[in-house]
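Whatever order the structure lists them in is the order used to number ligands and atoms, beginning at 1.
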Amino acid sequence: MDFYRILEKVVSGKFADTGEIATLLAPPDETAEKALFDAAYQLKCEICGRMVNLRGLIEFSNICTRDCFYCGIRKSNGKVTRYRMSENEIVSAAEKALEFGYGSVVLQSGERSDEEFAGFVERVVGKISALAPGFGITLSCGEESLDTYRRWREAGATRYLLRIESSSEKIFNAIHPAEALFSERKAALKRLQQAGFQTGSGVMIGLPGQTLKDLAADIAFFRDMDLDMIGMGPYLPQTDTPLGQQYPDSGNMAEQRLQLSLRMIAVTRLVLRDVNIAATTALQTIDPAQGRERGILAGANVIMPNVGDVAFRRDYQLYNGKPSLDENSLSIRENLIRSLAAIGEAPRFNSAGDPLHFFRRTGSGK
Ligand code: 5AD
């Protein structure tokens, strides 16, 4: 059957075109789906063992100048209380991540492109990178100029996440206001690579109007862009957003999106191989007990546990149903260790967990 022939082909490292990738995203039955997940998990284990790289997630500000139709912290959502953590609060959260043995942090925020913000992030990154040699710093703060990216890179951040959201320009335009340009998003990803960042991107899965062919094209896009890291997850309608209101969920749509997301993870692992792939919070939102663990078993190798203060958690809800709203970071850590042990996995403590792909792409040591 076509499916198994193509699966064998990608497992052996051969090139698959978009049509073949789409076939892999639709296994004919449960046995075929299991074969897909098993092959992806085996490759994940070959690349990084039965270990998961952790990044402490610090959602340091929900102030945003963008108005993305799907996102709960879009600027027009007046129901959100806006906050920005202080420099000291952010550095303390990073110290906690370090103490917890997470080996790296992700600083994520709403998007702002003013000088005050650029300088603020630059200072905070400088302070965090002085905490310990080799401690990894990832930024996820949106589209910026090459100059700003360079400043943040020089201050000590080594990785950057900027999702393309969908590699279909048509879908991208349907979920963003007119001032958001697909070409600009793509150019920003190139600027990140130019500035020397390990560069990550990703998409939302199960967007209105999105087909398997679109998702297959997303994976081909990741490959064409030579990305080092992938973060993707199910789209979750947010009730205070235009997209969430226009297309409310019905039936078992969430479960279907979760399943499709797991397939996306597995196929992305098989096609891109040595990249870091995150099992995202959105998976956990649909299946609180097992979502991220199912992501690992489908080939993901990164989890980003929250290390921020519970006080800010409620105001950083990109979608409804965000898990662990009241759970402190210590308890999150303990539960994560326990649930990983239950699937025979363990955190890789005290390691920055760099993606092998970056060193191959840039020819730098390691
Ligand atoms: N559902 C799922 N993911 C979302 N994001 C934002 N809003 C939603 C939503 N409603 C994702 C986007 C963004 C990342 C930070 O969160 O992909 O890039």
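- Not a single heavy atom of G202 lies less than 4.0 angstrom from ligand 1.
- Centroid-to-centroid, the aromatic rings of F182 and H176 stay 6.0 Å apart or farther.
- Between Y70 and ligand 1, an N or O atom pair is found at a separation short of 3.5 Å.
- Around atom CD of E179, more than 12 heavy atoms belonging to other residues, nucleotides or ligands sit under 6.0 Å away.
- Taking CD1 of I128 as the start and OG of S104 as the end, the distance is 11.0 Å to the nearest 0.5 Å.
- A salt bridge between K75 and D67 is absent, with no side-chain N of the basic residue lying under 4.0 Å from a carboxylate O of the acidic one.
- For ligand 1, the polar-atom distance check against M204 finds no nitrogen or oxygen pair separated by under 3.5 Å.
- Scanning all protein heavy atoms for the shortest distance to atom 11 (C) of ligand 1 gives R163 NH1, 3.6 Å.
- Considering backbone and side-chain atoms together, E165 places an N or O closer than 3.5 Å to an N or O of ligand 1.
- Taking all atoms of both residues into account, the shortest heavy-atom contact from I164 to F172 is O-CD1, 3.3 Å.
- For a threshold of 3.5 Å applied to N or O pairs, the pair formed by Q238 and ligand 1 contains no separation below that value.
- The residues E115 and R151 are annotated as salt-bridged, a charged nitrogen and a carboxylate oxygen being separated by less than 4.0 angstrom.
- The option with the heavy atom closest to atom 10 (N) of ligand 1, from among I175, L236, I73, is L236.
- Ion pairing between a basic and an acidic side chain is recognised when a charged N comes within 4.0 Å of a carboxylate O; R150 and D147 show no such pairing.
- With distances taken over non-hydrogen atoms, the option nearest atom 15 (C) of ligand 1 out of L318, N320, L161, I164 is L318.
- Remark: ligand 1 atoms within the under-4.0 Å shell around heavy atoms of P234 are 2 (C).
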